[in-house]
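Working notes, beginning with the structure itself.
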2 protein chains.
Amino acid sequence: MDSYSTFQQEFDLSMEALCRRILERHQATIRVRKAETAVANLARIIETTLVLSNRNGFHPMSLRDLSEQSGLSMGALYSYFDSKDTLLLMILGQVVDAIGLVLTAPDVAAGDPLARLRALMARHVYLTEAMGPWFVFAFMEAKAFGKQGRAMAVESELWTEALLRDVIADGINTGRFRPVDPTMAAALIKPMLQDWYVKRAKYRKRGVEPDAFVAVLVDMVGNMLLA
Amino acid sequence: MDSYSTFQQEFDLSMEALCRRILERHQATIRVRKAETAVANLARIIETTLVLSNRNGFHPMSLRDLSEQSGLSMGALYSYFDSKDTLLLMILGQVVDAIGLVLTAPDVAAGDPLARLRALMARHVYLTEAMGPWFVFAFMEAKAFGKQGRAMAVESELWTEALLRDVIADGINTGRFRPVDPTMAAALIKPMLQDWYVKRAKYRKRGVEPDAFVAVLVDMVGNMLLA
DNA sequence: ATATAAAACGAGCGCTCGCTCTTTTTTGAA
DNA sequence: TTCAAAAAAGAGCGAGCGCTCGTTTTATAT
């Protein structure tokens, strides 16, 4: 029931849906008026950007490469963003947007601490499974956007960590968890969650599916924390 | 006794020592003959490269930036490497070199499984503490070197993971650890170790020192694995 | 069928990049 | 003090970058 397939039904994180959100947030700079056309081409642009950037990095990707691979001309590209940096910001912004959408959705805050922790971790794994290339991009390229990008990344990191920390603190206060330092425990759980998308290829090669990963994670974290 | 300060006495990972190793490995391309001069300037070059690259990325760093910040002319720089890619390779290669040096050193393989696991994790934390910017650089820029760099990174990742996996498997076979999947356990421990250098600023801000981090890690992993 | 607006096109602009090469400075043995 | 070798210097080169803009193609309404 609380599996990846039900997650996919609950949240629409398809390329089309994500690009529709991007169009909304960047109406001011996108010069194409017909939403249908704009979303379709944004999808082509961003899909290609994620592939090329996750191969060699965003900076090495030239806009001529992007033009060639996406099938849109240089001029057409610049109908959708006013600078290469804006393209980067579109993707980063949508990642932050999706994190907020998924991790603050209701029902995460119900049940006993371990169940809530499980739900939070599962959501994180499922979210990054659905938007793998987006998260890899954000993780690797946040610093390329200078102070603003770095600050955005740090803020998002600390925010997710705080969600974990609060659940752990609750577990300790109700006596279900050992009296560990909740901040440190959260700080150590976060990188395990991130590993799912940063090293996705490794898990794929070993045949580990999202739900199997969540199961192992819950087992390990449970033993780490339970009194 | 088994602390960061004793580690520092055991392994010389000073900038000078590391650059001397780089000079040895790249004698063929480095045109400066006097070792003393070469090591001193390599140190300036690499120190500056790490600072500039970890700020905005290796590709965005121009060699004119590097020249200006390091105080060496364009011509002088090209006495130490024959291309920007070679400079990247020098740093990546020295990271791999140091991993091999530190993690295969004797005495890691003695004692009971948890002690050996502790020793391995401590060494990893201390190594990445001593060479923080090097590891951040390698982590972020490995893909910028195409297939060769990616392969190097994956190989190094799996090699370290295998060390963890073998100790965990031993622990399970001798009945000291719970019967978990050793590969998955190792796969989850690795990102916690990497977090120490990837998010170093966060831990610094919270006043967490290397030995404190190791202590928390051992506590958590111990509860994760002990029968 | 025609007019008009929307969208896509792609050669070309100015500029900065990685890299080279001649010249100048520094070094150290005689 | 001299002078040849070693090292550093930095202007200059062609290539390729991000980005623009006059033109052409496509879509839509009359």
Side-chain angles (χ1 to χ4, degrees), chain A residues 19 22-23 26-46 48-49 52-53 55-91 141 144-146, chain B residues 19 22-23 26-49 52-53 55-91 141 144-146 149:
Chain A
C19 287
I22 290 177
L23 177 59
H26 290 85
Q27 269 184 330
T29 49
I30 295 175
R31 291 209 308 272
V32 174
R33 305 314 321 163
K34 224 171 70 176
E36 196 185 331
T37 307
V39 168
N41 282 338
L42 269 176
R44 283 207 285 170
I45 291 168
I46 285 166
T48 309
T49 300
L52 296 182
S53 292
R55 188 178 301 157
N56 293 318
F58 181 73
H59 206 89
M61 177 195 77
S62 79
L63 291 177
R64 282 169 185 81
D65 291 341
L66 179 58
S67 166
E68 215 169 307
Q69 293 294 314
S70 69
L72 284 139
S73 68
M74 290 292 291
L77 291 181
Y78 273 83
S79 302
Y80 294 90
F81 48 78
D82 54 10
S83 78
K84 200 185 173 189
D85 275 353
T86 299
L87 172 58
L88 192 150
L89 196 69
M90 282 177 172
I91 300 175
E141 311 291 349
F145 205 68
Chain B
C19 288
I22 290 177
L23 177 59
H26 290 84
Q27 269 183 331
T29 48
I30 296 175
R31 291 209 309 272
V32 173
R33 306 314 322 164
K34 225 172 72 176
E36 197 185 331
T37 308
V39 169
N41 282 338
L42 270 175
R44 283 207 284 170
I45 291 169
I46 285 168
E47 182 95 60
T48 309
T49 300
L52 296 182
S53 292
R55 187 178 301 156
N56 293 317
F58 180 72
H59 208 89
M61 176 195 77
S62 78
L63 291 177
R64 283 172 183 79
D65 291 340
L66 179 57
S67 167
E68 214 170 308
Q69 293 295 313
S70 69
L72 284 142
S73 68
M74 291 292 289
L77 291 180
Y78 273 83
S79 304
Y80 295 90
F81 49 77
D82 55 8
S83 79
K84 199 185 175 190
D85 275 352
T86 298
L87 172 59
L88 193 150
L89 196 69
M90 281 177 173
I91 300 175
E141 310 292 348
F145 205 68

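In the text below, chain A, chain B and the rest are named by the order of the sequence lines, each starting its count at 1. Any value given below was found using the heavy atoms of this structure, including those in side chains, with hydrogens, waters and symmetry copies removed.
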Study note, to complete from the structure: Taken in chain and number order and not counting sequence neighbours, the residues that satisfy side chain to side chain contact (heavy atoms under 4.5 Å, CB included) with A:T48 are A:L52, A:L66, A:Q69, A:S70
Practice item. Go through the structure and list residues passing side-chain hydrogen bond (donor to acceptor under 3.5 Å, both in side chains) with A:S73, not counting sequence neighbours. Key: none
Practice item. Name the nucleic acid region contacted by A:Y80, choosing base, sugar-phosphate or nothing; use a 4.0 angstrom heavy-atom cut-off, strictly under. Key: sugar-phosphate
Exercise for review: Report the distance from atom CG of B:L63 to atom C1' of C:dT20, rounded to the nearest whole Å.
Suggested key: 13 Å
**Study point:** A:I46 versus A:C19, closest heavy-atom pair with distance
**Key:** CD1-SG, 4.3 Å
Point to revise | Atom pair CD/CD1 of A:E141 and A:I91 - distance to nearest 0.5 Å | key: 9.0 Å
Exercise for review: Using a heavy-atom cut-off of under 4.0 Å over every strand shown, decide if B:S62 touches base, sugar-phosphate, or nothing.
Suggested key: sugar-phosphate
Check your understanding: Where is the tightest heavy-atom contact between B:M74 and B:L63, given as atom of each residue plus distance?
Key -> SD-O, 3.7 Å
Table of protein N/O atoms under 3.5 Å from nucleotides 23-28 of chain D N/O atoms:
from, atom 1, to, atom 2, distance (Å)
D:dT28, OP1, A:K34, NZ, 3.1

Distance-only donor-acceptor pairs under 3.5 Å for side chains of residues 29-40 of chain B, two or more places apart:
from, atom 1, to, atom 2, distance (Å)
B:T29, OG1, B:H26, O, 3.2
B:R31, NH1, B:Y78, O, 3.3
B:R33, NH1, B:I30, O, 3.4

Exercise for review: Could you state the atom-to-atom distance from CD of B:E36 to C1' of C:dT27 in whole Å?
Suggested key: 12 Å
Practice item. Compare every heavy atom of B:L87 with every heavy atom of B:M61, then report the nearest pair and how far apart it is. Key: CE-CD2, 4.5 Å
Study note, to complete from the structure: Walking DNA chain D from its 5' end, the first of B:A35 and A:D65 to be reached, judged by nearest nucleotide, is B:A35
**Study point:** Value in whole Å for how far the P atom of D:dA6 lies from CD1 of B:I30
**Key:** 16 Å
Exercise for review: Could you tell me which residues satisfy side-chain hydrogen bond (donor to acceptor under 3.5 Å, both in side chains) with A:D85, sequence neighbours excluded, listed by chain and number?
Suggested key: none
Practice item. Using whole Å, report how far CZ of A:R31 lies from P of C:dA7. Key: 10 Å
Could you list the protein-to-nucleotides 9-14 of chain C atom pairs, N/O on both sides, closer than 3.5 Å?
from, atom 1, to, atom 2, distance (Å)
C:dC9, OP2, A:S73, N, 2.8
C:dC9, OP2, A:S73, OG, 3.3
C:dG10, N7, A:G75, N, 3.3
C:dG10, O6, A:G75, N, 3.0
C:dG12, O6, A:R64, NH2, 3.0

Exercise for review: Check the distance between C:dC19's P and B:L87's CG and give it to me in whole angstrom.
Suggested key: 10 Å
**Study point:** Test side-chain hydrogen bond (donor to acceptor under 3.5 Å, both in side chains) applied to A:D82 - qualifying residues, sequence neighbours left out
**Key:** A:T86
Measure all distances between protein nitrogen or oxygen atoms and nitrogen or oxygen atoms of nucleotides 22-26 of chain C, and list the pairs falling under 3.5 Å.
none

Check your understanding: Is the backbone of B:H59 close enough, under 3.5 Å, to the side chain of B:K84 for a donor and an acceptor to pair up by distance?
Key -> yes
Sub-3.5 Å pairs of nitrogen or oxygen atoms, protein against nucleotides 3-5 of chain D:
none

**Study point:** Nucleotide D:dA6, atom C1' - distance to OH of B:Y78 in whole Å
**Key:** 21 Å
Exercise for review: Identify whether any heavy atom of A:S67 sits under 4.0 Å from a base atom; if not, whether one sits that close to sugar-phosphate; answer base, sugar-phosphate or nothing.
Suggested key: nothing
Review point. CG of A:L77 versus P of D:dC21: gap in Å, rounded?
Key: 17 Å
Practice item. Give, for atom OG1 of B:T49 and atom CE of B:M90, the distance between the pair rounded to the nearest 0.5 Å. Key: 10.0 Å
Study note, to complete from the structure: Paired runs of 3 or more consecutive Watson-Crick or G-U pairs involving DNA chain D, with both pairing distances under 3.5 Å, are C:4-30 with D:1-27
**Study point:** Qualifying residues under side-chain hydrogen bond (donor to acceptor under 3.5 Å, both in side chains), relative to B:N41, sequence neighbours excluded
**Key:** B:R44, B:Y80
Practice item. Let me know the distance between NE2 of B:H59 and C1' of C:dC17, rounded to the nearest Å. Key: 9 Å
